[in-house]
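Note that the numbering runs from 1 along the sequence shown for the chain. Computation of the quantities below employed the complete heavy-atom set of this structure, encompassing side-chain atoms and omitting hydrogens, waters and symmetry-equivalent molecules. Everything quoted here is computed from the prediction, not taken from an experiment.
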Amino acid sequence: MIPNIITLARIALVPVFMVLMGMELRVAALVIFSVASATDFVDGYLARKMGQVTNFGKVMDPLADKLLVLAALIYFVRENTVAVWVVVVVLGREFIISTLRIVAASAGKVLGADLSGKIKTVVQIFGVIAILSPWYRQELWPAVTIYTLSSWIMAFVTVWSGIDYLIRHWPAIKRMD
């Protein structure tokens with residue numbers, strides 16, 4: 001299954017990205033992150049086009065996205081470009097939604113991804129790319145840099161998508177008791 005191999009390749013690029021960030025090779029890390037992020041769109045497209053949507057892919061594809069984005073955000077905390085609370089917001093949303101999906105699955109229900117979650121992933125990817133860019137310290141307004149604005153937008157969209165997910169799936173969540 002080609003889409004699943006692409007997903008696994010994205011996961012394999014996470015440590016490569018982290019090594020490059022650790023070596024302060026930011027542009028190389030940006031290239032790896034961008035390539036890995038692009039595979040998210042490619043594997044999903046191929047899975048649908050080739051009729052190869054699998055349970056493995058349904059689980060591992062979003063996990064690969066989370067690993068990639070969170071690896072970047074954790075590194076950004078280390079270098080003081082993203083506040084810890086942003087990572088907590090992103091991680092908290094992922095834990096809450098993933099836990100609900102696991103509980104639903106154990107009850108025989110599927111709580112699938114929705115548009116707001118896909119928007120969240122795209123915003124997070126572009127936010128990380130903006131922070132990785134050579135211009136990330138550029139001031140847009142007094143005391144507002146590209147990295148601070150990107151952090152705020154990522155946090156806002158992450159919270160919005162989590163709330164949207166909970167509202168959309170609330171009837172199914174209530175029936176899980």
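- Interatomic distance, CG of Asp65 versus CG of Leu70, reported as 10.5 Å (0.5 Å rounding).
- Taking the side chain as every heavy atom from C-beta outward, Lys120 and Glu94 approach each other to under 4.5 Å.
- With a 4.5 Å cut-off on side-chain heavy atoms, Tyr75 and Thr81 do not count as touching.
- Between Phe76 atom CZ and Leu132 atom CG the span is 4.0 Å, to the nearest 0.5 Å.
- Annotation: side chain of Lys66 is in contact with side chain of Ser98 (closest heavy-atom distance under 4.5 Å).
- With hydrogens and angles disregarded, no donor-acceptor distance shorter than 3.5 Å links the side chain of Arg78 to the backbone of Ile74.
- Of all the heavy atoms in Ala29 and Phe17, the pair that sits closest is O-CD1, 3.4 Å.
- Contact of the Ile153 side chain with the Phe126 side chain is not registered, since no non-hydrogen atoms from C-beta on lie closer than 4.5 Å.
- A salt bridge between Asp114 and Lys118 is absent, with no side-chain N of the basic residue lying under 4.0 Å from a carboxylate O of the acidic one.
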Verdict with supporting geometry, Val157 and Arg93, side chain to side chain contact (heavy atoms under 4.5 Å, CB included): CA-CA 11 Å; Val157 172; Arg93 186 252 186 227; over 6 Å; no
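- Taking every heavy atom of both residues into account, Ala36 and Leu13 meet most closely at CB-CD1, 3.8 Å.
- For the atom pair CD1 (Ile6) and CG (Leu46), the distance works out to 5.0 Å, reported to the nearest 0.5 Å.
- Phe95 and Leu166 fall into different hydrophobic clusters, defined by Ile, Leu, Val, Met, Phe, Trp and Tyr side-chain heavy atoms under 4.5 Å apart, directly or through other members.
- Residue Ser37 holds its OG atom at 5.0 Å from CG of Leu68, rounded to the nearest 0.5 Å.
- Under the 4.5 Å side-chain heavy-atom criterion for Ile, Leu, Val, Met, Phe, Trp and Tyr, Val128 and Val88 are members of the same hydrophobic cluster.
- Using modelled atom types, one side-chain atom of Thr145 and one backbone atom of Thr148 make a donor-acceptor pair closer than 3.5 Å.
- Heavy atoms from other residues, nucleotides or ligands lying under 6.0 Å from CH2 of Trp152 number 12 at most.
- Of all non-hydrogen atoms in Ser161 and Ser116, the two that sit nearest each other are CB-O, 3.4 Å.
- Linking Ile, Leu, Val, Met, Phe, Trp and Tyr residues whenever their side-chain heavy atoms come within less than 4.5 Å places Ile2 and Tyr45 in a single cluster.
- A distance of 13.0 Å separates CZ in Arg168 from CD1 in Ile163, rounded to the nearest 0.5 Å.
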Steps toward side chain to side chain contact (heavy atoms under 4.5 Å, CB included) verdict (Arg10, Thr7): CA-CA 5 Å; Arg10 183 163 68 256; Thr7 298; 4.2 Å; yes
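- Using modelled atom types, no side-chain atom of Ser150 and backbone atom of Ala130 make a donor-acceptor pair closer than 3.5 Å.
- You'll find the side chain of Val82 stays beyond 4.5 Å of the side chain of Tyr147, heavy atoms only.
- A side chain to side chain contact (heavy atoms under 4.5 Å, CB included) with Leu25 holds for exactly one of Ile32, Val19, Leu20; it is Leu20.
- One finds the OG1 atom of Thr39 at 9.5 Å from the CD1 atom of Ile11 (value rounded to the nearest 0.5 Å).
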Intermediate values then yes/no, side chain to side chain contact (heavy atoms under 4.5 Å, CB included), Arg26 and Tyr136: CA-CA 11 Å; Arg26 198 175 190 90; Tyr136 73 104; 3.3 Å; yes
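- Note on Val159 and Met154: same hydrophobic cluster, where clusters join Ile, Leu, Val, Met, Phe, Trp and Tyr whose side-chain heavy atoms are under 4.5 Å apart, directly or indirectly.
- Residue Val89 is tested with Leu73, Thr158, Val84 for a side chain to side chain contact (heavy atoms under 4.5 Å, CB included); the sole match is Thr158.
- Between Asn4 and Thr54, the side chains place a donor N or O and an acceptor N or O closer than 3.5 Å (distance only, hydrogens not considered).
- In terms of modelled atom types and a separation under 3.5 Å, the side chain of Tyr165 and the main chain of Ile97 share no donor-acceptor contact.
- At a threshold of 4.5 Å between side-chain heavy atoms, the hydrophobic network of Ile, Leu, Val, Met, Phe, Trp and Tyr places Val77 and Val90 in one connected group.
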Full working for side chain to side chain contact (heavy atoms under 4.5 Å, CB included) between Ile119 and Trp160: CA-CA 10 Å; Ile119 291 169; Trp160 163 75; 4.1 Å; yes
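- The backbone N or O of Leu30 sits less than 3.5 Å from a side-chain atom of Ser34, completing a donor-acceptor pair.
- The two residues Phe56 and Leu8 come nearest to each other via the heavy atoms CZ-CD2, 3.9 Å.
- In terms of heavy atoms, Val16 sits closest to Ala12 at CG2-O, 3.8 Å.
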